[in-house]
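For ligands, and for the atoms within them, numbers begin at 1 and follow the listed sequence.
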Amino acid sequence: MLEIYDAIQRSALKIQDIIAFEDSGYSENQNATGDTQLELDIQSDKIIEKEFSKISSIKELASEEKELPCPLNKNGKYLIGYDPLDGSSLADVNLSVGSIFGIYENGYDGNDLKAAVYVVYGPRVEMVTADENGVRMYRLGKDKRFHFVKELKLNDKGKLNSPGGTQKNWKTNHKKLVESFFENGYRLRYSGGMVPDLHQILIKGGGIFSYPATTDLPKGKLRKIFEVFPFAFVYEKAGGAAIDGATRLLDLKCEQIHDTTPCFFGSKEEIKKVRSSYAYD
Ligand code: AFP
């Protein structure tokens, strides 16, 4: 596993460099979900693939930017599902973006996850790992190495509310739920990048991030393998919870590589509220 974390760190240094100095315009390609790819998405994907291809314990890679998984080593143990540059369009407005990695064994169901890692590229570059050692945050130093900063733990209740999706397409119970958090004093924190938004909730001790089913996206927007399962794993290991409204996200199966699901990540109290508000959905 450590060699995978090292490869992620080497990729992060290179990705940080292209975010800062290279073209962030659109390419002429579309990814498997139909999004027009930015040059940054394509370059980040290539960087990660190159670093991972040096590691014998990796059996296969599945990238959000590719239609199909890419086999690496027949005898490898791990399958890696990753989003090379989540929220890449935010680079243009100089907001934080991130890379997300799920390290799976045997398959890509939620319960196949063994570890999850994300990197936030912002005013600082930070990496968070979640595994049997808990959730640990590292920060890039002047020496171009990542240094351990602290362990991350969620409180049972927080103060931040990050509600995703197009509001006019929210269902009535979801509107009421989001409103009830605000009525109880929660403050809005939503940048449009799930990595910095979920990172902020973790660092500040708690809150709720939601990307619900909407009338235009009945299965939500966020992808299970590349985005949802890895963050569900991080949130659970940090003492929080993650559900699709009713079911624990990590109990969900993945039928197609690019499957999406509605998702809620948060501290325990907030997730309890989501559960009761979705009970009669
Ligand atoms: P992009 O990668 O297309 O910018 O989308 C980012 C993202 O997948 C995730 O990081 C955000 O939380 C979510 O989409 C934002 O979606 P909405 O703009 O629909 O709230």
Next on the checklist: Counting only nitrogen or oxygen atoms and a 3.5 angstrom limit, does Leu85 reach ligand 1?
Outcome noted: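 By distance alone, the answer is no.
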Checklist entry - Would you say Gly165 and ligand 1 have an N/O pair spaced under 3.5 Å apart? => result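 There is such a contact, yes.
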Taking only heavy atoms of [X] into account, list the atoms of ligand 1 that are under 4.0 Å away from them.
{"X": "Tyr211", "result": "16 (O), 17 (P), 19 (O), 20 (O)"}
{"X": "Glu227", "result": "8 (O)"}
{"X": "Ser89", "result": "4 (O)"}
{"X": "Phe209", "result": "12 (O)"}
{"X": "Asp86", "result": "8 (O), 9 (C), 10 (O)"}
{"X": "Met194", "result": "9 (C), 10 (O), 11 (C), 12 (O)"}

Item to check | Proximity to ligand 1 by part of Phe226, non-hydrogen separation under 4.0 Å | outcome: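 Contact part for Phe226 vs ligand 1: neither.
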Checklist entry - Can you tell which part of Asp197 has a heavy atom less than 4.0 Å from ligand 1: side chain, backbone, both or neither? => result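 Answer for Asp197: neither.
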Item to check | Salt-bridge criterion met for Glu270 and Lys157 (N-O under 4.0 Å) | outcome: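 No, no charged N to carboxylate O under 4.0 Å.
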Item to check | Lys268 and Asp156 ion-paired at < 4.0 Å | outcome: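 No, no charged N to carboxylate O under 4.0 Å.
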[X] side, atom [atom1]; [Y] side, atom [atom2] - distance, nearest 0.5 Å:
{"X": "Met127", "Y": "Ser11", "atom1": "CE", "atom2": "OG", "value": "11.0 Å"}
{"X": "Ile201", "Y": "Asn155", "atom1": "CD1", "atom2": "CG", "value": "12.5 Å"}
{"X": "Tyr78", "Y": "Ile58", "atom1": "OH", "atom2": "CD1", "value": "10.0 Å"}

For [atom], find the nearest protein heavy atom and state the residue, atom name and distance (0.1 Å precision).
{"atom": "atom 20 (O) of ligand 1", "value": "Tyr190 OH, 2.4 Å"}
{"atom": "atom 14 (O) of ligand 1", "value": "Lys221 NZ, 2.8 Å"}
{"atom": "atom 11 (C) of ligand 1", "value": "Gly192 O, 3.3 Å"}
{"atom": "atom 2 (O) of ligand 1", "value": "Gly87 N, 3.0 Å"}

Next on the checklist: Side chains of Ser63 and Asp45: any donor to acceptor distance under 3.5 Å?
Outcome noted: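 There is such a pair between these side chains.
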Checklist entry - Within the side chain of Ser44, is there an N or O that forms a donor-acceptor pair under 3.5 Å with the backbone of Ile15? => result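 Flag not set: sc Ser44 to bb Ile15 has no pair under 3.5 Å.
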Checklist entry - Do Thr214 side-chain atoms and Leu217 backbone N/O form a donor-acceptor pair below 3.5 Å? => result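 Side chain of Thr214 to backbone of Leu217, a donor-acceptor pair under 3.5 Å: yes, one is there.
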Next on the checklist: Please determine whether the number of non-hydrogen atoms from other residues, nucleotides or ligands lying under 6.0 Å from atom CD of Glu67 exceeds 12.
Outcome noted: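 Counting neighbours around CD of Glu67, 12 or fewer heavy atoms of other residues, nucleotides or ligands fall under 6.0 Å, so no.
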